[in-house]
Amino acid sequence: MSETAPEQQCHVTLDTLVSLCKRRGFIFPGSEIYDGLAGTYDYGPLGIELKRNVREAWWRSMIHDRDDVEGIESAILMNPRTWKASGHVDTFSDPLCDSLGPSRKRYRADHVPPMEATAFEIIDVSDEAAPRKVDDAQIWAPSKKKAKEIYQAYWEKPLGLSGRRVKLEEVAGSTRVGRFSPDDGGLLTEPRAFNLMLTTHCGPVVETAAQVYLRPETAQGMFVNFANVQSSMRRKLPFGIAQNGKSFRNEITPKNFIFRTREFEQAELEFFCKPGEECREGEMNDDQWWEHWVEYRTNWHVRYGLKREHLRFYHQTKEELAHYSKACCDIEFLFPIGWQELEGIANRTDYDLKQHMKESGKDLRYFDAELNKHYVPYVIEPALGVDRSCLAFLTDAYTEEQVRDDKRVVLKLHRDLAPVKCAVFPLLKNKPELVAMAEKLTLDLKKKFHTVYDDTAAIGKLYRRQDEIGTPFCVTVDVDSLEDQAVTVRDRDTMQQVRLGIDKVRGHILAELQAARGTQ
Ligand code: GAP
């Protein structure tokens, strides 16, 4: 995953973003009133607007702006043989081990590398005349100090030793390198494969119903529909099928806010093209299409607001590549948690279609009329996580500025992605004529773009509120407006204000939004 480039620090912490998202209605912990459900988040009123805008920007760029990609929406529940063919039933797993200590915590084996530790026994010395060794309890830790911390956090209460005097005694000659829980100091079991697919049942009686999987990726929906789309849309190679939607993975350690969750959204394209040997003079082969997609997708991230210097590429080595993959480039972003994968672009060769041919018995070969032969296309797959994309856009948009004696927090989101495009305020809320004028303008603007009305605070505070959620335009109706039928339009980024006739506002903002889409 990581390259040798010097490590950079992100300008904003994850805590700052999490707090802003909660406070301003972007993202909440899932089922919070029941203390949440690990690995799930709910998008609030502003978060869902942002996410819809990210989806739509992706859809426009992948489908509407091109003439070689079709969109679909396949079912989340698929015939389980799909996942046998794709390899997910047999190989989509993480190696897991359990702590034998009191927490019984479960870890991904590669997250707990072997460490040198010593075993410490727990001796109850409350009765000085008769010290007592506590059962077989042994805490493995790199030092006695650490063992004491672990004892207090994890062992004291479950062993019923609260309030008793204990000492920890090193077991002579026990120091060794092994796998131990970094939390409770327990020994770890040998790693076992744990499949990451979540299951449910199709049918009214659980005992007899078919077990099905919640899809762990959207990609297979495109592979199983390859022949349907190709024939119904009369497509010739090269062409792509794209979709976005929910995917589910029983991640062992969901963490870092919406970066790694158990339920998340993907936006994926399977681009079917000719393998090198079938290409004629001047036709792009699979390697060239792969390069095209790496560049196309990188430009999309930059166009919508990620700083180019916050993106880098990681090319997987031969050893890291999945067995079906010929090449894979991870587009990494400088998240608040460091450089991490945002999108992967893989050359999946003809693996998936061939696997589905084998499992289903259906012929999924492409008939090339010009060459008068059948062959199985190669596939290039750009696979984006929509939630990670939202987190990345929030990260690079987050800006703190000093404005005179005040700190201004502003989300400099691309105008297409901003949840709200315009906010309208009456300068005085106790002047009914001003309020009526502002409400009428809001209704008019709403017809063209998402606009809100607010009169719940003083004007300075209202501006700051909208800055913090990334609203590109604020319109103020003041006392003069009643006379001159003009209002003040303020730009989020420059904070500059222009006076415009009230009948010109809609056109002005529309033109600005259009310009942002066209030129960036
Ligand atoms: N079809 C290929 C595929 O699914 P992947 O690298 O496993 O590839 C693609 O997933 C993208 O989906 C990742 O780059 C990431 O952005 C997103 N993603 C994967 N697992 C995720 C999770 N648990 N939570 C949030 N996003 C995830």
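Indexing begins at 1, ligand by ligand and atom by atom, following the structure's order.
Annotation for ligand 1: atoms under 4.0 Å from non-hydrogen atoms of L342 are 14 (O), 16 (O). When each atom of ligand 1 is checked for a heavy atom of E381 under 4.0 Å away, the hits are 1 (N), 2 (C). If you number the atoms of ligand 1 from 1 as listed, the ones under 4.0 Å from a heavy atom of A219 come out as 1 (N). Close contacts between ligand 1 and G385 involve ligand atoms 11 (C), 12 (O), 16 (O), 17 (C) [criterion: under 4.0 Å to a heavy atom]. Contact atoms of ligand 1 toward E268: 1 (N), 2 (C), 3 (C), 4 (O) (distance under 4.0 Å to a heavy atom of the residue).
Under the 4.0 angstrom criterion for non-hydrogen atoms, T261 is in contact with ligand 1. Remark: distances from the non-hydrogen atoms of Q340 to ligand 1 are all 4.0 Å or more.
Panel note: side chain R108, backbone T253; no donor-acceptor pair is recorded below 3.5 Å. T13 places a side-chain N or O within 3.5 Å of a backbone atom of T16 that can act as its donor or acceptor partner.
Both the backbone and the side chain of R260 come within 4.0 Å of ligand 1, judged by heavy-atom distances.
Seen from the ring of W300, R297 counts as a face-on cation partner, given the 6.0 Å and 45° thresholds.
With sequence neighbours left out, the side-chain hydrogen bond (donor to acceptor under 3.5 Å, both in side chains) criterion links H374 to no other residue.
Using a cut-off of 4.0 Å between Lys/Arg side-chain N and Asp/Glu carboxylate O, R60 and D65 are scored as not salt-bridged.
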